[in-house]
Q: 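Quick one: structure below, then a few questions.
Numbers for residues simply follow the sequence, beginning at 1.
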Amino acid sequence: MTDRHTDHHTGQRTPRLVALLALACGVAVGNVYFPQAVAPLVASGLGVSSGAAAAVVTTTQFGYAAGVFLLVPLGDRLPPRRLLVTLLTVAGAALGAAAAAPALPPLLAASVLAGASTVIAPLAGPLAAGLVPAQRRGAVGGTLLSGALAGMLLSRTAGGALGDRLGWRAPYALAALLTLAVAVLLARALPASVPPSRQRYPRLLAEPVRLLCAEPALRRSSLYQATVFAGFSAVWTGVALLLTGPVYGFGADAVGLLALVNAVTMLVTPVAGRLVDRHGADAVNLVCFLTVLASAAVLLPGALGHTPGLLSLVAGTLLLDVGMQSGMVANQVRVYALAADARSRLNTAYMTCAYLGGSLGSWLGARACGWCGWPGVCALVALLTGLGLVRHLGALAGARTAGRDGSRGRGGSGGRAAGAPSSTAIRPKPARAPESDVTVQ
């Protein structure tokens with residue numbers, strides 16, 4: 001069927017579908033992040049050290065990265081409704097198993113499975129991008145990211161508060177119920193659709209690696225998000241240890257309250273999407289790197305404790321969240337522009353790198369906090385962000401030196417040319433009607 005026919009069937013439902021996908025992203029992403037708030041409670045509840053309990057966070061994020069690499073490519077091969085509903089069902093079952101875990105090893109095993117199967121956001125992004133014209137993808141991407149970030153931030157609040165009152169198992173049980181409820185909603189609301197690829201799974205699995213090697217814009221976007229997300233994860237792992245440690249002596253709900261304050265930053269992502277649509281991904285990336293770098297300095301006085309330290313943590317995490325979120329919008333717009341029929345595979349490469357960076361950042365953040373205290377975490381953020389910023393400045397300098405529109409398109413630099421595909425990785429496709437990239441039965 002043609003895209004015009006698709007648009008006739010889905011156009012009026014597109015806003016509702018995007019809103020539902022944003023909700024699904026929020027619930028799924030929350031499954032990855034609420035363990036950051038309850039890890040101290042896991043330590044006391046299971047009688048293990050805080051460092052050992054922090055492995056719940058790392059294993060969940062590692063599972064998520066593995067799920068992105070192993071499962072997200074199936075978004076180009078399997079019907080979205082069946083794939084999303086199946087994954088959410090498995091995630092709900094894994095979270096239920098985690099809630100019933102009698103010891104740390106089974107909890108870690110369930111956490112890996114929950115993380116691997118809750119990869120809804122990387123699948124929803126390409127799906128939503130195909131529902132709208134190219135000039136609206138930044139705004140729609142910002143909407144989905146707002147949902148994901150709402151889940152990321154509010155899940156910490158709910159997880160910490162619920163865990164303090166009912167124990168660490170209660171947040172896992174609630175997450176399982178919410179995940180299964182969203183699976184039911186998606187099963188009833190998503191249209192039946194034909195996936196764009198007929199490739200076999202082994203080839204789909206190899207394709208993200210090939211695309212990562214062949215596409216400079218994809219490599220650059222992946223590096224940017226890996227460095228910034230590593231710093232982001234280091235801060236939120238370290239801040240849980242800081243707030244519940246001797247400097248502040250708060251309970252786990254304090255981490256959730258800090259995350260609740262940061263929930264206002266989810267309003268930024270639609271604005272960031274419109275700025276990317278207007279000014280290009282590279283301009284937004286530059287501002288984001290500088291914002292995250294500034295957040296490291298603002299966060300540093302958090303080690304002082306008392307009111308000045310809390311104000312520093314609030315302001316610093318606000319800056320960090322805004323920079324990370326806006327950068328993700330810019331990077332994904334650049335990546336999705338490379339090929340309409342390979343968005344899930346492109347997103348697989350991008351998100352795998354991002355979450356490997358996040359897993360490493362969580363691990364390094366816990367170690368930095370143990371070895372050097374909170375200043376060590378802030379220095380780690382500055383170092384990681386600096387690596388990405390140096391690469392970005394080099395790319396901008398190369399684009400200015402080249403001075404050609406082709407260079408700008410290949411590197412994702414400037415205006416709407418940002419993120420244009422290079423010819424080395426993906427074969428040109430025949431011209432398509434502009435309304436949508438989704439084919440619906």
Q: Just verifying a value: how many Å separate Leu393 CG and Leu286 CG, rounded to the nearest 0.5 Å?
A: 6.5 Å
Q: Using the test side chain to side chain donor-acceptor pair (under 3.5 Å), find all partners of Thr60 that sit at least two apart in sequence or belong to another chain.
A: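 Listed in chain order: nothing, the list is empty.
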Q: Mind jotting down which residue pairs meet the ring-ring contact (aromatic ring centres under 6.0 Å, His included) criterion with at least one end in residues 363-387? Sequence neighbours excluded, please.
A: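 Found none.
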Q: Quick one: pull up CG in Leu178 and CG in Leu95 and give me the separation to the nearest 0.5 Å.
A: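 Output value for this atom pair is 10.0 Å.
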Q: Roughly how far apart are Asn285 CG and Ser326 OG, rounded to 0.5 Å?
A: 10.0 Å
Q: Under the side-chain contact (heavy atoms from CB on, under 4.5 Å) test, which residues partner Ala315, sequence neighbours left out?
A: Val298
Q: Using 0.5 Å steps for rounding, measure from the CE atom of Met351 to the OG atom of Ser222.
A: 10.0 Å
Q: I need the Leu338 CG to Arg345 CZ distance, nearest 0.5 Å.
A: 12.5 Å
Q: Any side-chain heavy-atom pair from Phe62 and Leu108 closer than 4.5 angstrom?
A: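 Side chain of Phe62 against side chain of Leu108, heavy atoms only: no contact under 4.5 Å found.
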Q: Any side-chain heavy-atom pair from Leu310 and Tyr248 closer than 4.5 angstrom?
A: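 Of all side-chain heavy-atom pairs linking Tyr248 with Leu310, at least one is under 4.5 Å.
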Q: Nearest heavy-atom pair of Gly358 and Ser233: which atoms, and what distance?
A: O-CB, 3.3 Å
Q: Using the test side chain to side chain donor-acceptor pair (under 3.5 Å), find all partners of Gln225 that sit at least two apart in sequence or belong to another chain.
A: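 Testing Gln225 for side chain to side chain donor-acceptor pair (under 3.5 Å), a comparison that skips the adjacent residues, returns Asn331, Tyr350.
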Q: Do the non-hydrogen side-chain atoms of Phe289 and Tyr224 ever get within less than 4.5 Å of each other?
A: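 Counting from C-beta outward, Phe289 and Tyr224 do come under 4.5 Å.
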Q: Test your reading of the model: is there a side-chain donor-acceptor pair from Arg156 to the backbone of Gln36, 3.5 Å cut-off?
A: no
Q: Is a side-chain N or O of Thr58 found less than 3.5 angstrom from the main chain of Ala55, in a donor-acceptor match?
A: no
Q: Taking all heavy atoms of Ala189 and all of Leu20, pick out the closest pair and write down the distance.
A: CB-CD2, 3.3 Å
Q: Any side-chain to backbone donor/acceptor pair from Ser312 onto Pro308? Under 3.5 Å, distance only.
A: no
Q: Here's a test for you: under side-chain contact (heavy atoms from CB on, under 4.5 Å), which of Leu313, Leu299, Val235 qualifies with Leu242?
A: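 Among the candidates, only Leu313 passes.
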Q: Kindly indicate, with the supporting measurements, whether the criterion side-chain contact (heavy atoms from CB on, under 4.5 Å) is fulfilled by Leu290 and Val287.
A: CA-CA 5 Å; Leu290 296 176; Val287 174; 5.9 Å; no
Q: Pairs of donor and acceptor atoms involving the side chains of residues 80-87, under 3.5 Å and at least two apart or interchain, shall be tabulated with distances.
A:
{"unit_1": "Arg81", "atom_1": "NH1", "unit_2": "Leu190", "atom_2": "O", "d": "3.1"}
{"unit_1": "Thr86", "atom_1": "OG1", "unit_2": "Arg82", "atom_2": "O", "d": "2.8"}

Q: Kindly write out the residues that satisfy side-chain contact (heavy atoms from CB on, under 4.5 Å) with Ala53, not counting sequence neighbours, or none if the list is empty.
A: Val42, Ala43, Val48
Q: Going through the distances and angles, do Trp236 and Asp321 end up as a side-chain contact (heavy atoms from CB on, under 4.5 Å)?
A: CA-CA 10 Å; Trp236 281 102; Asp321 285 5; 3.5 Å; yes
Q: Only counting residues at least two apart or in another chain, list the ones meeting ring-ring contact (aromatic ring centres under 6.0 Å, His included) with Phe229.
A: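 Result, ring-ring contact (aromatic ring centres under 6.0 Å, His included) vs Phe229: Phe232, Tyr355.
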Q: For Ala234, does its backbone N or O pair with a side-chain atom of Thr237 as donor and acceptor, under 3.5 Å?
A: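 No, because the side chain of Thr237 does not come within donor-acceptor range (under 3.5 Å) of the backbone of Ala234.
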Q: Are any non-hydrogen side-chain atoms of Leu223 and Thr227 less than 4.5 angstrom apart?
A: yes
Q: State, to 0.1 Å, how close Val247 and Ala303 come at their nearest heavy-atom pair, and which atoms those are.
A: CG1-O, 3.7 Å
Q: List the atom pairs, donor and acceptor, that lie under 3.5 Å between side-chain atoms in residues 112-124 and the rest of the protein, sequence neighbours left out.
A:
{"unit_1": "Ser117", "atom_1": "OG", "unit_2": "Ala91", "atom_2": "N", "d": "3.3"}
{"unit_1": "Ser117", "atom_1": "OG", "unit_2": "Leu113", "atom_2": "O", "d": "2.8"}
{"unit_1": "Ser117", "atom_1": "OG", "unit_2": "Ala114", "atom_2": "O", "d": "3.4"}
{"unit_1": "Thr118", "atom_1": "OG1", "unit_2": "Ala28", "atom_2": "O", "d": "3.0"}
{"unit_1": "Thr118", "atom_1": "OG1", "unit_2": "Asn31", "atom_2": "ND2", "d": "3.3"}

Q: Any non-hydrogen side-chain atom of Leu258 less than 4.5 Å from a side-chain atom of Thr317?
A: yes
Q: Please enumerate all residues that pass side chain to side chain donor-acceptor pair (under 3.5 Å) together with Ser359, with sequence neighbours excluded.
A: none
Q: When you compare the side chain of Val72 with that of Pro208, does any pair of heavy atoms fall below 4.5 Å?
A: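 Not touching, per the 4.5 Å side-chain cut-off.
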Q: Could you state the interatomic distance from CG (Leu311) to CG (Leu304), rounded to the nearest 0.5 Å?
A: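 Reported value, rounded in 0.5 Å steps: 11.0 Å.
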Q: So does Ala349 get a backbone contact from the side chain of Thr352, meaning a donor-acceptor N/O pair under 3.5 Å?
A: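 No: the side chain of Thr352 does not pair with the backbone of Ala349.
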Q: Apply side-chain contact (heavy atoms from CB on, under 4.5 Å) to the pair Met152 and Met324, showing each step before the final yes or no.
A: CA-CA 13 Å; Met152 181 189 301; Met324 190 277 293; 4.2 Å; yes
Q: Return the minimal non-hydrogen interatomic distance between His392 and Asp282, and the atom names on each side.
A: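 Minimum heavy-atom contact is NE2-O, 3.1 Å.
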Q: Ignoring hydrogens, what is the shortest heavy-atom contact between Ser362 and Val57? Give both atom names and the distance.
A: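 So the two residues come closest at OG-CG1, 4.2 Å.
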Q: Checking Leu293 now: which residues fulfil side-chain contact (heavy atoms from CB on, under 4.5 Å) with it, not counting sequence neighbours?
A: Ala382, Thr385, Leu389
Q: Which residues pass the side-chain contact (heavy atoms from CB on, under 4.5 Å) test with Leu70, sequence neighbours left out?
A: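 side-chain contact (heavy atoms from CB on, under 4.5 Å) list for Leu70, sorted by chain: Tyr201, Leu205.
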Q: Can you confirm whether Pro73 sits close enough to Glu207 that some side-chain heavy atom of one is under 4.5 Å from a side-chain heavy atom of the other?
A: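 In short, these two side chains do not touch, never coming nearer than 4.5 Å.
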Q: Check Ser295 against Gly316 and note the closest heavy-atom contact, atom names and distance.
A: CB-O, 3.4 Å
Q: For Ser221, give me all partners under side chain to side chain donor-acceptor pair (under 3.5 Å), at least two apart in sequence or on another chain.
A: Arg334
Q: Any heavy-atom pair between the side chains of Val284 and Val329 that's under 4.5 Å?
A: no
